[in-house]
Amino acid sequence: MAFAAKEFVERAVAELRAGLPAGRAVVACSGGVDSTVCAVLAHRAFGERACAVFLDTGFMREGEAEAVRDALAGLGIPLEVVPVAHRFFRDLAGIADPEAKRRQFRATFYAVLAEVLRAKGAQALVQGTIAADVRETQAAVKTHHNVLDLGPEVWPRDLLVLEPLRALLKPEVREVARYLGLPEGFVRRRPFPGPGLAVRVVGAVTPARVELLRRATRIVEEETADLPAFQAFPILLAERATGLREGTRHYGEVLVLRVVGSADALAAEPLALPWERLQALVARLLGELPALSRVLYDLTPKPPATIEWE
Ligand code: XMP
C-alpha cells in the first residue's frame with residue numbers, strides 16, 4: 001500500500017502531544033530533511049512549547065545553518081544556532097579510530113543537547129532518527145550519531161526523547177516533507193551525516209584538515225548538482241601521496257570522490273560518470289586546492305562498502 005503522508009502527519013502530531021502533554025521540547029536540527037521534518041511536526045504538535053536548535057559542531061558544510069534557517073523560516077519556525085565547535089574539536093582531538101570517533105561525537109552531541117534542554121527548561125528532545133540509522137547502529141555496522149542507547153551519565157533519565165520518524169525510510173520522509181510544504185529543493189536535499197565532515201576526514205580531525213574538506217565539499221557539490229546522485233561528496237584520506245607542484249616534489253593530501261545512487265541508503269551503487277565530467281571535477285579540485293596531490297574515484301557499491309568512508 002502507498003505511504004500516506006497526511007495520515008502519518010496526523011498520527012505523528014498526536015503521538016508527540018501524547019508523549020509530552022505539558023512542558024517544553026527542544027528539536028535538534030542538522031540541516032537535513034529528516035530533522036527539518038521533525039521540527040515542523042514538533043511545531044505543529046507543541047507550537048510555542050517547542051524550540052528548534054542547530055548545533056554548530058564545526059563539522060558542517062558551508063552555509064548549512066543558513067539553509068535550514070531559511071527552510072524553517074519559510075514555515076514560520078525560528079531556529080537558534082548553538083556555537084559548540086570548540087567542544088567537539090576538544091573532545092575529538094587525537095581520536096583516529098572510526099568507531100571511537102563516532103562514539104565520542106555522539107557522546108558530546110548528547111551532552112551538549114542535555115545542557116541545552118536544561119538551559120531552556122525543556123523536558124523532551126525531539127530528533128529525526130530514521131529506520132536506517134537505527135538498523136545500522138543495532139546491526140553494529142556503525143554508530144549513527146542520533147541513535148541514543150547511552151547510559152544516564154550522558155543522557156539523564158528524566159529527559160524524554162521523542163522520535164516521530166523512527167519507523168520511516170528516506171523516501172517516506174521526503175513524501176512527508178513535500179506534504180508539509182518544505183521547498184522542493186530542500187525535500188530532495190542529499191543526505192549529510194550528523195557527524196558531518198568528522199567522519200569524512202579519515203583519522204584524527206584537525207581544524208585545518210576539516211577546512212580543506214569543507215572547501216572540497218563545496219566544489220564537489222557545485223559540480224555534481226545536476227547529477228541524479230543520492231549523495232556526492234569527497235573524503236580526505238589519512239595517507240598522503242607524492243606529487244609534483246611547480247616543478248618540485250609535493251607530498252600532498254589525497255581526496256576520494258564518492259558519487260552514489262541509492263533509494264534508501266541501505267544499498268548503493270557508484271554512478272558511471274562520463275570521463276569528461278570526472279576530469280573537469282578533478283581539474284577544478286586540483287586547481288583550487290593546492291594542498292592536494294591526488295584525487296581518486298571510489299567504485300565500490302554498498303555492500304560491501306558503506307556510503308560513508310568511516
Ligand atoms: P552508510 O555510510 O552507513 O550511510 O552507508 C547510510 C546513510 O546514512 C548517512 N549516515 C549518517 N546519518 N548520522 C546520520 O544522521 C550518522 O551518524 C550517519 N552515518 C552515516 C550516510 O550519509 C548515508 O546517507
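In this chain, numbering begins with 1 at the start of the sequence shown. Fair warning: this is a prediction, and the values are worked out from it, not measured in the lab. Both counts, for ligands and for their atoms, begin at 1 and track the order of listing. Note that these values count all heavy atoms, side chains included, but never hydrogens, waters or copies made by symmetry.
- Remark: Phe54 pairs with no residue by the ring pair (Phe, Tyr, Trp, His ring centres under 6.0 Å) rule, at least two apart or across chains.
- Under the 4.5 Å side-chain heavy-atom criterion for grouping Ile, Leu, Val, Met, Phe, Trp and Tyr, Val256 is connected to Phe233 within one hydrophobic cluster.
- His250 is linked by a side-chain contact (heavy atoms from CB on, under 4.5 Å) to Arg245, Ser293, counting only residues two or more places apart in sequence or in another chain.
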Sub-3.5 Å pairs, protein N or O with ligand 1 N or O:
from: ligand 1; atom 1: 2 (O); to: Lys142; atom 2: NZ; distance (Å): 2.7
from: ligand 1; atom 1: 2 (O); to: Ile307; atom 2: N; distance (Å): 3.3
from: ligand 1; atom 1: 2 (O); to: Glu308; atom 2: N; distance (Å): 2.8
from: ligand 1; atom 1: 3 (O); to: Glu136; atom 2: OE1; distance (Å): 2.4
from: ligand 1; atom 1: 3 (O); to: Lys142; atom 2: NZ; distance (Å): 3.4
from: ligand 1; atom 1: 5 (O); to: Lys302; atom 2: NZ; distance (Å): 2.6
from: ligand 1; atom 1: 5 (O); to: Ile307; atom 2: N; distance (Å): 2.7
from: ligand 1; atom 1: 13 (N); to: His145; atom 2: ND1; distance (Å): 2.8
from: ligand 1; atom 1: 13 (N); to: Gly194; atom 2: N; distance (Å): 3.4
from: ligand 1; atom 1: 15 (O); to: Gly194; atom 2: N; distance (Å): 3.4
from: ligand 1; atom 1: 17 (O); to: Arg102; atom 2: NH1; distance (Å): 2.9
from: ligand 1; atom 1: 17 (O); to: His145; atom 2: N; distance (Å): 2.9
from: ligand 1; atom 1: 19 (N); to: Arg102; atom 2: NH1; distance (Å): 3.3
from: ligand 1; atom 1: 19 (N); to: Arg102; atom 2: NH2; distance (Å): 2.9
from: ligand 1; atom 1: 22 (O); to: Gln231; atom 2: NE2; distance (Å): 2.8
from: ligand 1; atom 1: 22 (O); to: Glu308; atom 2: OE2; distance (Å): 2.5
from: ligand 1; atom 1: 24 (O); to: Gln231; atom 2: OE1; distance (Å): 2.7

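- In terms of the ring pair (Phe, Tyr, Trp, His ring centres under 6.0 Å) criterion, Phe230 has no residue partners (sequence neighbours excluded).
- Note on Glu310 versus Arg258: no salt bridge recorded, every NZ/NE/NH1/NH2 to OD/OE distance being 4.0 Å or above.
- Look at Lys142 and Glu308 and you find no salt bridge, because none of the NZ, NE, NH1 or NH2 atoms lies under 4.0 Å from a carboxylate O.
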